[in-house]
Amino acid sequence: MPELPEVETIRKDLEKEIVGLTILDFKTEWPKKVFPSEKEVKRRIIGATIKSIERRAKLLIFHLSNNYKIIFHLKISGQLLIRCKGNPSDKYTHHVFGLSKGKQLRFADLRKFGYIKVISETEKDKELEKFGPEPLSQELNPQKFYEIIKNRKKPIKLVLMDQGIIAGVGNIYANESLFLAHIHPERKANNLSEEKAVTLYKKIEQVLKEGLEFRGASDNNYVDAYGEKGRYQEHFRVYGKRDKPCPKCGTTLKYNKVGGRGTVFCPKCQK
DNA sequence: CACATTGTTACCAG
DNA sequence: ACTGGTAACAATGT
């Protein structure tokens with residue numbers, strides 16, 4: 001569930017709190033999601049200092065002082081929490097990084113779908129190469145967006161959520177941006193005029209920025225690195241509002257599966 | 001207790 | 001080689 005704004009919020013928290021600290025220890029109760037192995041991860045990271053923290057799509061990447069990097073994927077329910085040693089335990093914590101200055105980084109994950117991977121900076125990693133351009137960066141603007149989507153034949157919502165086409169957009173921000181752009185989620189991407197595509201891209205930027213402003217959407221169990229919920233869910237227009245009135249025209253919002261994923265839209269406003 | 005959940009990949013067909 | 005469509009998968013609270 002954490003999408004671009006949620007992961008970026010966590011990234012900023014972590015940057016503020018733990019860049020410059022040294023990793024003293026690593027413990028896991030769920031080695032199945034630690035790659036290449038618990039033992040090798042320990043060998044690679046203990047003693048190294050966290051130099052910088054980057055986000056790519058929905059991934060977080062810690063760059064270490066020793067030419068290794070740690071990649072985190074939170075998937076549906078992962079949380080990264082900054083705590084002090086001895087703080088009360090956090091439910092569903094499966095991995096703990098002991099840090100200098102008495103700090104801890106705890107990876108909690110109810111569903112256990114999230115993972116940790118440590119690789120060398122020079123190692124080519126398929127996972128990091130597959131992503132499309134980042135919205136809110138120089139890599140994308142309305143015209144480039146149009147070029148990227150204009151030949152895609154699948155539903156626009158699936159194009160938005162395809163990490164290989166555009167990085168970081170998930171179900172919440174796809175639903176919300178399509179609503180604001182008045183585009184039906186199942187419209188084929190190649191069916192959108194340049195004008196419509198430009199509008200859509202601007203709406204994507206808008207909802208991502210709103211998400212950042214409210215420190216993410218805690219519709220489910222998302223929390224920032226301090227364990228605090230975001231507030232963007234209070235501003236959803238359609239996401240999770242199946243059978244409620246459209247905020248624009250009052251028509252009952254419809255729910256469909258698009259590509260097997262829950263999708264809410266206004267049948268009147270979104271064509 | 002079967003189900004919903006969701007980002008991602010595996011697999012297949014075209 | 002690439003695209004699109006669908007199933008499968010991770011695990012568990014409800």
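Computed from heavy atoms alone, side chains included, the values below leave out hydrogens, waters and symmetry copies. Each chain gets a letter, A, B and so on, in the order the sequences are listed, and its residues count up from 1.
- Residue contacts shown for A:I76 include a base, since a base heavy atom lies under 4.0 Å away.
- Nucleic acid contact class of A:Y173 (heavy atoms, under 4.0 Å, all strands): none.
- Here B:dT5 is the nucleotide among C:dG5, B:dT5, B:dT8 with the atom lying nearest to any side-chain atom of A:K257.
- Taking the side chain as every heavy atom from C-beta outward, A:I50 and A:L14 never approach each other to under 4.5 Å.
- Side chain of A:K33, nearest nucleotide from C:dG13, C:dA10, C:dG5: C:dA10.
- Contact of A:R261 with B:dT8 (side chain to base): a donor-acceptor pair of N or O atoms is detected under 3.5 Å.
- In terms of phosphate contacts, A:R152 brings a side-chain nitrogen or oxygen within less than 4.0 Å of OP1 or OP2 of C:dG4.
- Proximity of A:K75 to the phosphate of B:dT9: no side-chain N or O atom is located under 4.0 Å from OP1 or OP2.
- Within the 4.5 Å cutoff, no side-chain heavy atoms of A:Q206 are placed close to those of A:E176.
- Between A:L4 atom CG and B:dG7 atom C1' there is a gap of 15 Å when expressed in whole angstrom units.
- Between A:H94 atom NE2 and C:dA10 atom P the separation is 15 Å, expressed in whole Å.
- For the pair A:Y92 and C:dT12, the criterion of a side-chain N or O lying under 4.0 Å from OP1 or OP2 is not met.
- Rounded to an integer number of Å, the gap from OH of A:Y222 to P of B:dG7 is 15 Å.
- The side chain of A:K130 places an N or O atom within less than 4.0 Å of a non-bridging phosphate oxygen (OP1 or OP2) of B:dT9.
- Here the nucleotide nearest the side chain of A:Y255, chosen from C:dG5, C:dT12, B:dT5, is B:dT5.
- A:R111 has its CZ atom 14 Å from the C1' atom of B:dG7, to the nearest Å.
- Using cut-offs of 30° and 60° for the angle between ring planes, the A:F26 and A:F97 rings count as tilted.
- Between the C1' atom of B:dT8 and the CG atom of A:N171 lies a distance of 14 Å, rounded to the nearest Å.
- You'll find that the side chain of A:Q163 is closest to B:dT8, out of C:dT12, B:dT6, B:dT8.
- Computed from coordinates, the A:N175 CG to B:dT6 C1' distance equals 13 Å when rounded to whole Å.
- A:K188 has no side-chain polar atom (N or O) that falls below the 4.0 Å cut-off from OP1 or OP2 of C:dG4.
- The side chain of A:H73 places an N or O atom within less than 4.0 Å of a non-bridging phosphate oxygen (OP1 or OP2) of B:dT8.
- Distance CZ (A:F107) to P (C:dA11): 13 Å, rounded to an integer number of Å.
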Verdict with reasoning, A:T199 to A:I183, per side-chain contact (heavy atoms from CB on, under 4.5 Å): CA-CA 10 Å; A:T199 303; A:I183 297 169; over 6 Å; no

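- Minimum atom distance to the side chain of A:M161 is reached by B:dG7, of the listed C:dA11, B:dT5, B:dG7.
- Protein atom CG of A:D162 is 15 Å distant from nucleotide atom P of C:dC2, rounded to whole Å.
- Aromatic rings of A:Y232 and A:Y173 (six-membered ring for Trp) have centroids within the 6.0 Å cut-off, being under it.
- Counting non-hydrogen atoms of neighbouring residues, nucleotides and ligands closer than 6.0 angstrom, the NZ atom of A:K248 reaches no more than 12 such neighbours.
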